[in-house]
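Structure first, commentary second.
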2 protein chains.
Amino acid sequence: MAASKSPTRRRILDTGARLFRRNGYTGTGLKQITGEAGAPFGSLYHFFPGGKRELAAEIIRTEGAGYARTFDVVRAEDAVAGLRAWFAGAAEVLEAGDYADACPIAAIALEVASTDDDLRQATAEVFTDWIEQAAARFTEAGIAPARARTLAVSAIASLEGAFVLARALRSPEPVLSAGEIVVAAVERELAS
Amino acid sequence: MAASKSPTRRRILDTGARLFRRNGYTGTGLKQITGEAGAPFGSLYHFFPGGKRELAAEIIRTEGAGYARTFDVVRAEDAVAGLRAWFAGAAEVLEAGDYADACPIAAIALEVASTDDDLRQATAEVFTDWIEQAAARFTEAGIAPARARTLAVSAIASLEGAFVLARALRSPEPVLSAGEIVVAAVERELAS
DNA sequence: GTCTATACTTTGATAGAC
DNA sequence: GTCTATCAAAGTATAGAC
């Protein structure tokens, strides 16, 4: 079908992703999305019959998968340098985008955690994927599986929380400080 | 004036704090707040003429100050044990409250960061206070100021991000893992 | 099948009765 | 000063013209 290739559908998804990321789930209106996407309001329900929840679910999954690829910079050959680059890159993107674009799903995740179990589960699957991918990379680098998972969870949590502080403070400091501690922890683990 | 002691005003603040914490800023309605608080709708505008924004600003400040006191468990005499208790306590509260009550202002902070500069600044002041208090405690424990600040920012960011993951995954693991890494970092710093 | 117009609900906010 | 009734606007969702 042509639906999956429709440029209108693409624009709705991209615009929705940007607005959800910046203004949150309830903070973003469907009229606002179609308006900024230059799409007729009815098109949203044509492509997403389930309405706002179906749109959000797809955005959570695709944006989650997309953001997972930023972790590709962490190569098993030099996990420490890669991890350092991961945090530095996040800080740069944040500054360049005026502290508007941090984690693509954090704002949604906090809002739906206690109010919409389907969407909560979608965010949980994304976070689980990130954790497993990061843990696999650390394991390949030579860290024992259990320890690799602890470090993976900690790395992702640190960046996630640093994003919260950085957006509020309009400063890259939290991302850089959090990165420093996590990088040192991984470095120390590999040296042991 | 009696206003500051009014039980109605108190109930509005407490209910608002709980709902903002769980459902976010735009995700919480004023009618929902007064409804659950058992207060007439008009009372909200009587006590908070500035409406939703004034109410949110006060909640951010008071809840922020209240949460700062949880860090009192970190005593300069034994910062490592205190920090360990801080994370463990956060994990316990989270589980006990069915993953609904984590950071009192994180959901608001992410939502207003790019949409309401007054409220963003209120959250920034809270985070700044937390960072300074934690850094002071680490300094008292014998860590050099610059390093103490890096560790303070990292500790708060780690917990903040762990809360995001924990609420989505409905698991205390992120809080415990993040705590493990941060505690080890402080421990190592004190040993050096 | 694309899109416009509308239905219905809920939102934040006010006015005014008591 | 406490509270009820109502406002205009924005929210999601749908119906139906073309």
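Residue numbering restarts at 1 for every chain, and letters A, B, ... go by the order of the sequence lines. In this text, all values refer to a predicted model and were calculated from it rather than measured experimentally.
Note: OH (A:Tyr45) to P (C:dA7) measures 17 Å, nearest angstrom. Rounding to whole angstrom units, CG of residue B:Leu19 and P of C:dT11 are separated by 12 Å. If you measure from atom CZ of A:Phe41 to atom P of C:dA7, you get 15 Å, rounded to the nearest angstrom. Look at CD1 on A:Ile12: it is 10 Å from P on C:dC3, rounded to the nearest Å. Look at CD1 on B:Ile33: it is 11 Å from P on C:dT11, rounded to the nearest Å. Atom CZ of B:Phe48 is separated from atom C1' of C:dT14 by 18 Å (rounded to the nearest Å). Across the protein-nucleic acid pair, B:Tyr25 atom OH and D:dG11 atom C1' stand 16 Å apart, rounded to whole Å. The distance from atom CZ of A:Phe47 to atom C1' of D:dA13 is 18 Å, rounded to the nearest whole Å.
At a threshold of 4.0 angstrom between heavy atoms, the contacts of A:Thr34 with the nucleic acid are absent. Using a 4.0 Å heavy-atom criterion, one finds that A:Gly42 contacts the bases of the nucleic acid, with or without backbone contacts as well.
Closest approach to the A:His46 side chain among C:dA13, D:dC3, C:dT2 is made by C:dT2 (side chain taken as heavy atoms from C-beta onward). In this structure, of C:dC3, D:dT12, C:dA13, it is C:dA13 that holds the atom nearest to the side chain of B:Leu30. Listed candidates were C:dA13, D:dC3, C:dC3. Nearest to the side chain of B:Pro40 is D:dC3.
Of all heavy-atom pairs spanning B:Leu19 and B:Thr28, the tightest one is O-OG1, 3.1 Å.
With hydrogens and angles left out, the side chain of B:Lys31 and the base of C:dT10 share no donor-acceptor pair within 3.5 Å.
Listed for the A:Arg167 side chain is a donor-acceptor partner under 3.5 Å among the backbone atoms of A:Tyr99. Of the possible donor and acceptor atoms, none in the side chain of B:Glu63 sits under 3.5 Å from a partner among the backbone N and O of B:Pro104. Counting only distance, with no hydrogens or angles, the side chain of A:Glu160 and the backbone of A:Ala106 share no donor-acceptor pair below 3.5 Å. Using modelled atom types, one side-chain atom of B:Ser192 and one backbone atom of B:Glu189 make a donor-acceptor pair closer than 3.5 Å.
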